[in-house]
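To keep things clear, I will list the structure first and then write my remarks on it.
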Amino acid sequence: MYKTHTCGELRAEHIGKTVSLAGWVHRRRDHGGVTFIDLRDRFGLVQIVLNPETSPDGHKLAESIRMEWVIQVEGLVRRRPEGAENPNLPTGEIEVEVHTLKILNPAKTPPFLINKDEEADENTRLKYRYLDLRREKMRNNIELRHRVVKFIRDYLDQKGFLEVETPILFKTTPEGARDYLVPSRVHPGEFYALPQSPQQLKQLLMVGGIERYFQIARCFRDEDQRGDRQPEFTQLDLEMSFVEREDVMDLIEDMFTKMIAKVVPEKKIYSTPFPRFKYQEVMERFGKDNPDIRFGLELVNISDLVEHSGFSVFDQAIQSGGFVRGINAKGLGNYTRKQIDELTDLVRQFGAKGLAYIAYTSDGEIRSTFAKFLSPQLQQTIFERMQADKGDLLLFVADKAEVVYESLGRLRVSLAEKLNLLDPDVLAFCWVIDFPYVVWNEDEKRWDPSHHLFTSPMEEDIPLLETDPGKARGQQYDLVLNNYEIGGGSIRIHDRKLQEKVFKLIGLDEDVARERFGHMLEAFEYGTPPHGGIAPGIDRICMILAGEPNIREVIAFPKNQAARDVMADAPSPADLKQLEELHIQVVYPPDLT
RNA sequence: GGUCCCGUGGUGUAGCGGCCAAACAUGCGGCCCUGUCAAGGCCGAGAUCGCGGGUUCAAAUCCCGUCGGGACCGCCA
C-alpha cells in the first residue's frame, strides 16, 4: 500500500499516528540541518520534515529531491512546535516526521511552474496538459466540473430520469453545422457522422417510451473555434414526454437553482424565478437574444422624436423602415473624441455606418454630432427619455433593425466592461421565449428554422406557416446566463403531417426528407407522445461558474483555435494502408503539396 | 475567407531607434545554513529579442513578408 492517508486529510486528530503518504514534491525548503517538503496530492498539501537525527538516510536523500518528483514517505504525524503552525494550510496544525523516504520517480524540471498560479503560455500549457492539470486552478476546475455533472445525475435520477447512451457513429445531416464524417470500411463510399447532438435519437427514445431521458452527451461540430466553442463539447441532453414548455423550463430552473446553491454557494443568482422575456422584448431592450441582464444601459428608441429632425442620417434610416436607438452610457460624458472614435469602430464591426452621440459633460457642456438639428425642447425630451444627466454620454445608431440591435447590443456589453458593471459573482439567468419560428435566408432565398427542424410551432401559429411564416412563433426556449446562451430547447413536433409541412416550408425536397429523416417520419406514425427537451452546454456553464474566460480552461484536453490537439498533435496523416482499407483517396488543395 | 492583438533566457515580465553582445523576478547548478512554509544568504550558468527581408551611420525597438498563438467577424439548424 502506497498511502494510508491523503496529504490533504491529515489534521490534529491524526497526531500520534504512523502514516504512509505518497505524492509530488510541491516545494522543498532545505535549511541545511532540517529539510521541509510540502508534499502534494490531489487532496491537498502537508508538510513533511526530514531531520538528520530521526532519519539520517531520508535527510541525505532529500538533498537530491527536486520539484515534482514523486516520493513516498512513512512517518509520524505530530503537532507542529509552538509558533510554527501555518494557518494558511488546512493541514497547518500538524506535520509528518519522516522515518523512511522513498523516491518513486524523479522528474525533469517542468516547462512552467506547477506550484505558482502565474500565467504560462497557453500553447505550452496545452502541450504539457498533464502537467497543467496538476496546477491548483485546473484541479479546481476539473473538480468543479465533476461536481456539476454529479449534481445533474443525482438530481435527474431523483426526478425519475434514465441516463441512456446513444450512438457516436450515426447518420450525416447536412442541415445545420458541418458534420465530422467517419468513413466506413465495410461500405465503400459511405460514411457515418459524429452527432452534432443526439437530437433525433432522444426523440426516438421518447417514441420508445423512455419518457424521461438524459445524457451527458458529447457533441461534434466541424465549425471554426471561439472561446466558448470547441469541435467536441458536452451537453446535458434531456428530453421528456407529455410536457409543455413550462414543464421543461420549471424543471431546469429548479435544477440550476439548487445546483448553484450546492456547487458554488458563494455565487448569487440575480433573480429567482428566472426572468422570462419574449424574443421581441430582449431585442428591443438589449439588442441580443442572449442578453446580460446584470446591468442596465438598455436601448432606448428615439425614432419618433427625431423623425423629421433634418439630420439626414436619422431621416434616411427611418424612411427606409429602420429606426434610431440609443444607449445612455452613464458617466462617460467626458469621453474624448478619440475614445468615442473607438466606440464607433466597435459598432462599425457589426454593420453600423457610424455612431451619433451627445456628450453632456460634467460642466454642462454639450458636444454632439447632431444636436444642432435639435430644438432645445426636443433635446430636452431626448434627455428625459434617456434619463440623461450631466456627465452622461448618449450614443445612437440609426439603421435597419438588425444592424441597430446587433451593434448597440455589442456596444452595451462593451460599455458595461468599461464601466465595470459585470459582477462575476452574480449569475443572471433568464429565459428567452417566443422566437420567430423561421428566419428568411436571403442568400438561399428560403426559410430556415430559427432553432431546428423538429421544433414545434406555437399551436395557434400553425396556420401562419402557409400564409405568413415570418410571423409564426416557435415553441422554443433559450436559457441565458450572463451574456452566454447556455442552453436551448423546444417542444418538438410529434405529428407526421406537421413535420412534413415544416420540411416543405424550409424547402426540403420530399425525397430528400424521406431519405434523411424517413425513420423519424415513420416513427411518428406509431403513437408518438408529445415531447420536448433542452440541451444545456456543460462546458459553458462550468466556464461561467469557474469564472474562466474560455471553455478550454474547464476541459481536460481541449483543442486549440485551429482545432488541433497540440499535445498529441492531432489530426495527423493516416497511413496509405489505412486509407486504402477505407476506400479513401486524399486530394490536396492546390496550394499544398 | 477577413480584421485586430501578441511573440525578449526554462517561465513571467521590463526595455519600444544609440545608454542593451539586453534588465528584473522566478526557475536551474553550486556552496552556507536545524523551524521554514513564495525560507534565507552568497556565487554561477542561461536569450544572436519567433523567422526572413528592408529602412537607417545605428534595429529587440520602425516598415514589409512569413510562421506560431490568441480575440473577433463570417460560420456555429
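By convention in this document, chain letters (A, B, ...) are assigned in the order of the sequence lines, proteins followed by strands, and residues within each chain are numbered from 1.
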Opposite nucleotide pairing with B:rA14, Watson-Crick or G-U, both atom distances under 3.5 Å
none
Taking only the P atom of each, what is the distance from B:rG29 to B:rA39 in whole angstrom?
15 Å
Which value, in whole Å, describes the distance between the P atoms of nucleotides B:rG30 and B:rC49?
30 Å
B:rG40 - base-pair partner by Watson-Crick or wobble geometry, distances under 3.5 Å
B:rC32
Would you mind reporting whether A:Phe112 and A:Ile114 have side-chain heavy atoms less than 4.5 Å apart?
yes
With a 3.5 Å limit on both atom pairs, tell me what B:rC62 is paired to, counting Watson-Crick and G-U wobble, or say none.
B:rG54
Checking A:Arg27, A:His26, A:Arg28, A:Met67 against A:Ile37 for side chain to side chain contact (heavy atoms under 4.5 Å, CB included), the one that qualifies is A:Arg28
A:Phe350 CZ to B:rC75 P: how many Å, rounded?
13 Å
Min side-chain heavy-atom separation A:Arg29-A:Asp38 under 4.5 Å:
yes
Can a side chain N or O of A:Arg229 be found less than 4.0 Å away from OP1 or OP2 on B:rC73?
no
State the pairing partner of B:rG68; accept Watson-Crick or G-U wobble contacts with both distances under 3.5 Å, and report none otherwise.
B:rC6
Can you list the residues that meet the side-chain contact (heavy atoms from CB on, under 4.5 Å) rule with A:Glu510, with sequence neighbours excluded?
A:Arg514
Gap between atoms CE and P, on A:Met543 and B:rA71 respectively (whole Å):
11 Å
So what does A:Gln561 touch, heavy atoms closer than 4.0 Å: a base, only the sugar-phosphate, or nothing?
base
Between A:Asn560 and A:Arg178, which has a closest nucleotide on RNA chain B that is more 5'?
A:Asn560
When both distances are under 3.5 Å in a Watson-Crick or G-U wobble arrangement, the nucleotide paired with B:rC76 is none
Distance between the P atoms of B:rC43 and B:rA25, in whole angstroms?
12 Å
So does A:Arg125 get a side-chain nitrogen or oxygen closer than 4.0 Å to the phosphate oxygens (OP1/OP2) of B:rU11?
no
A:Arg226 or A:Glu175, whichever maps to the more 5' nucleotide of RNA chain B:
A:Arg226
Can you confirm whether A:Glu175 sits close enough to A:Phe517 that some side-chain heavy atom of one is under 4.5 Å from a side-chain heavy atom of the other?
yes
In whole angstrom, give me the gap between the C1' atoms of B:rG9 and B:rA60.
14 Å
Check the distance between B:rG12's P and A:Asp132's CG and give it to me in whole angstrom.
12 Å
Would you say B:rU3 has OP1 or OP2 under 4.0 Å from some side-chain N or O of A:Gln349?
no
Please determine if A:Lys501 and A:Glu466 form a salt bridge, counting it only when a charged side-chain N lies under 4.0 Å from a carboxylate O.
yes
At under 4.0 Å between heavy atoms, what does A:Thr91 touch on the DNA or RNA strands: base, sugar-phosphate, or nothing?
nothing
In this structure, how many angstroms lie between the P atom of B:rA71 and the CG atom of A:Asp224, rounded?
12 Å
Nearest heavy-atom neighbours spanning A:Ser407 and A:Phe350
CA-CB, 4.0 Å
For nucleotides B:rC63 and B:rG7, find the distance between their P atoms and express it as a whole number of Å.
13 Å
Assert yes or no for the condition that the ring centre distance of A:Trp24 to A:Trp69 is strictly below 6.0 Å.
no
In whole Å, measure the gap between the P atoms of B:rU61 and B:rC19 for me.
14 Å
Using Watson-Crick or G-U wobble geometry with both distances under 3.5 Å, which nucleotide pairs with B:rA45?
none
If I pick the P atom on B:rA71 and the same atom on B:rC24, what distance separates them, to the nearest angstrom?
34 Å
Between P of B:rC72 and CZ of A:Arg410, the distance in whole Å:
9 Å
Presence of salt bridge, A:Asp121 and A:Arg125, under 4.0 angstrom
no
Tell me, do A:Asp448 and A:Trp440 make a side-chain contact under 4.5 Å, heavy atoms counted?
no
Using a 4.0 Å cut-off on protein heavy atoms (strictly under), produce a 5'-to-3' string for nucleotides 26-40 of chain B with B for base contact, S for backbone-only sugar-phosphate contact, and - for none.
SSSSS--BBBBBBB-
note: A:Asn290, atom CG; B:rC76, atom C1'; distance rounded to Å ~ 13 Å
Can you tell me whether the side chain of A:Asn123 and the base of B:rG70 have a donor-acceptor pair closer than 3.5 Å?
no
I'd like to know if A:Arg552 reaches the base of B:rG70 with its side chain, counting only an N/O donor and acceptor under 3.5 Å.
no
Rounded to whole Å, please give me the gap between CZ in A:Phe503 and C1' in B:rA77.
12 Å
In whole angstrom, give the distance that lies between atom CG of A:Asp121 and atom C1' of B:rG12.
11 Å
Would you measure the distance from the P atom in B:rC28 across to the matching atom in B:rG12 and give it in whole Å?
16 Å
